[in-house]
Protein chains: 2
Amino acid sequence: METTQGKVLIADDEPDILEILKYNLSNEGYEVVTARDGDEAFEKAKRTKPDLIVLDIMMPKKTGVEVCQLLRSQSAFKETMIIFLTAVNDESTQIKGLETGADDYVSKPISPKVFMSRVNALFRRINKAEAKVLKIENLTIDPERFLVTLDNKEIILAKKEFELLYLLALKPGRVFLRNEILNQVWGNDVIVGDRTIDVHIRKIRQKLGVDCITTVKGVGYKFEL
Amino acid sequence: METTQGKVLIADDEPDILEILKYNLSNEGYEVVTARDGDEAFEKAKRTKPDLIVLDIMMPKKTGVEVCQLLRSQSAFKETMIIFLTAVNDESTQIKGLETGADDYVSKPISPKVFMSRVNALFRRINKAEAKVLKIENLTIDPERFLVTLDNKEIILAKKEFELLYLLALKPGRVFLRNEILNQVWGNDVIVGDRTIDVHIRKIRQKLGVDCITTVKGVGYKFEL
DNA sequence: TTGCCTGTTTACTTAGAGTTAATAAAAACT
DNA sequence: AGTTTTTATTAACTCTAAGTAAACAGGCAA
């Protein structure tokens with residue numbers, strides 16, 4: 001069962017930062033692996049094959065830039081996304097970082113919100129989740145026409161309902177945490193009450209008539225026909 | 001069925017610019033391909049056959065100008081539109097760029113609005129060529145004669161009304177965001193009030209008498225008979 | 001000039017999407 | 001069992017987006 005948004009390796013020698021980033025990433029459904037120095041980062045990268053590697057530039061044993069260069073020299077990591085954490089707002093360092101093939105850099109002090117939005121942006125890019133018509137058995141979800149069809153019968157959903165259903169149906173079987181749903185459908189900055197998602201889920205269930213959204217108590221929701 | 005506004009290849013070595021441009025382009029319905037250096041740009045251009053190529057002049061491996069010359073030497077890219085991104089406001093570079101056959105150049109720092117207006121301007125130019133008569137059931141829309149017929153009865157629409165109806169009817173069922181409508185019918189640089197589109201929609205509905213335009217609240221409008 | 005048409009804005013109304021709050025039900029935990 | 005936590009289900013409320021009518025400015029023709 002694929003339950004994760006993606007695998008992320010964080011390498012930083014400061015335990016506090018490691019903790020904060022790990023907390024935020026897990027919270028949005030990412031699987032997290034951590035390392036405390038350059039060597040460990042490189043070793044764990046090879047072993048766990050993460051989708052994204054977050055590298056602190058200043059680390060013991062090997063700097064982030066060195067790790068990045070090592071990784072990029074191996075074909076297995078040509079496609080892996082890399083984000084640098086730069087302590088100093090040192091432009092030349094940043095440019096050097098990006099030249100070694102990093103996808104983005106975040107300068108400390110880190111704002112978890114900013115960091116997460118960068119991460120999500122990168123993952124959105126590789127997931128190429130462009131508006132595609134979804135077809136699951138007798139159910140079709142067409143974002144272009146903003147139309148849901150069940151057994152060739154049209155069902156009209158409101159905007160939020162549609163977006164929510166589309167998100168879940170994008171990866172049938174995968175559990176979406178409530179936080180993820182909030183971020184994807186509402187946006188990271190919007191604050192809505194705890195019960196709002198439930199209400200929308202209910203409306204979708206009601207309109208579709210079929211039980212295709214399963215509740216995973218204490219975790220979130222998943223689409224299943 | 002063609003669902004995209006057009007395909008755009010962006011080549012720039014700065015991830016930030018890539019992201020911003022990609023975001024804005026996707027937002028307005030363009031399909032986006034990206035490249036980070038000259039070689040990748042040329043390779044992806046050949047592979048994906050974009051309608052428009054945005055080339056940064058200063059890029060690793062091959063400069064934008066070199067890529068442009070290479071492309072223009074191939075018959076397949078005689079018609080492809082090319083926009084240069086110039087870091088410096090260097091006149092001689094710009095002139096050289098345009099001499100190699102580029103359609104436009106934008107100098108950094110880039111204003112997304114300006115950039116998009118240039119892109120849309122170029123696309124509008126090539127799209128205007130295909131003014132086809134639309135026939136949907138008992139309704140015909142003839143852009144040449146500027147005439148709408150319903151059950152063989154002529155209906156006189158004003159210019160904006162006609163353009164709006166034509167846009168929607170071009171892809172029946174497809175939802176057009178208000179932004180898209182504004183860009184296509186009015187142009188991106190024009191600023192009109194929030195209710196302007198509604199008023200025109202209303203007039204069309206009134207004149208046609210048939211309910212062929214559906215509103216998707218919070219999203220946009222779509223044509224449907 | 002007048003008058004008509006188009007395109008736009010303004011102001012008001014309306015519908016209904018989205019949210020909340022309150023209560024009930026269902027798991028999970030002791 | 002009882003207690004706590006989490007979700008379901010409503011109904012009520014809020015507030016935004018779209019509908020509508022009227023008015024206004026500019027253009028063009030008679």
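Atoms considered below: every heavy atom in the structure, side chains included; atoms not considered: hydrogens, waters and symmetry mates.
Within 6.0 Å of NZ in K207(B) there are more than 12 heavy atoms belonging to other residues, nucleotides or ligands. By the 6.0 Å contact criterion, CZ on F146(B) is enclosed, its count of non-hydrogen atoms from other residues, nucleotides or ligands being greater than 12. Surrounding CZ of R145(B) are at most 12 heavy atoms belonging to other residues, nucleotides or ligands under 6.0 Å away. When the shell of 6.0 Å around CD1 of I136(B) is examined, it contains more than 12 heavy atoms from other residues, nucleotides or ligands.
For the pair L157(B) and K159(A), nearest-nucleotide mapping onto DNA chain C gives the more 5' position to L157(B). When the nearest nucleotides of DNA chain C are assigned to R195(B) and I156(B) by heavy-atom distance, the more 5′-ward of the two goes with I156(B).
In this structure, R178(B) pairs ionically with D198(B), as a charged nitrogen and a carboxylate oxygen lie closer than 4.0 Å. R174(B) has no carboxylate O lying under 4.0 Å from a charged side-chain N of E224(B), or vice versa, which leaves the two without a salt bridge.
Protein chain A touches strand DNA chain D; the 5'-most and 3'-most nucleotides with an atom under 4.0 angstrom of its non-hydrogen atoms are dT6(D) to dT10(D). The footprint of chain B on DNA chain C, defined by a heavy-atom cutoff below 4.0 Å, extends from dT6(C) to dG16(C).
Residues that satisfy the side chain to side chain donor-acceptor pair (under 3.5 Å) test with E43(A), not counting sequence neighbours, are R47(A). Residues passing the ring-ring contact (aromatic ring centres under 6.0 Å, His included) test with Y221(A): none are found, sequence neighbours excluded. Scored by the side chain to side chain contact (heavy atoms under 4.5 Å, CB included) test, E40(A) finds A35(A), R36(A), D37(A), K44(A) as partners (sequence neighbours excluded).
Proximity of residues 209-225 of chain B to DNA chain C (heavy atom under 4.0 angstrom from any strand atom) is restricted to K217(B).
Taking the six-membered ring for Trp and thresholds of 30 and 60 degrees, W186(A) and H200(A) have ring planes more than 60 degrees apart, a perpendicular arrangement.
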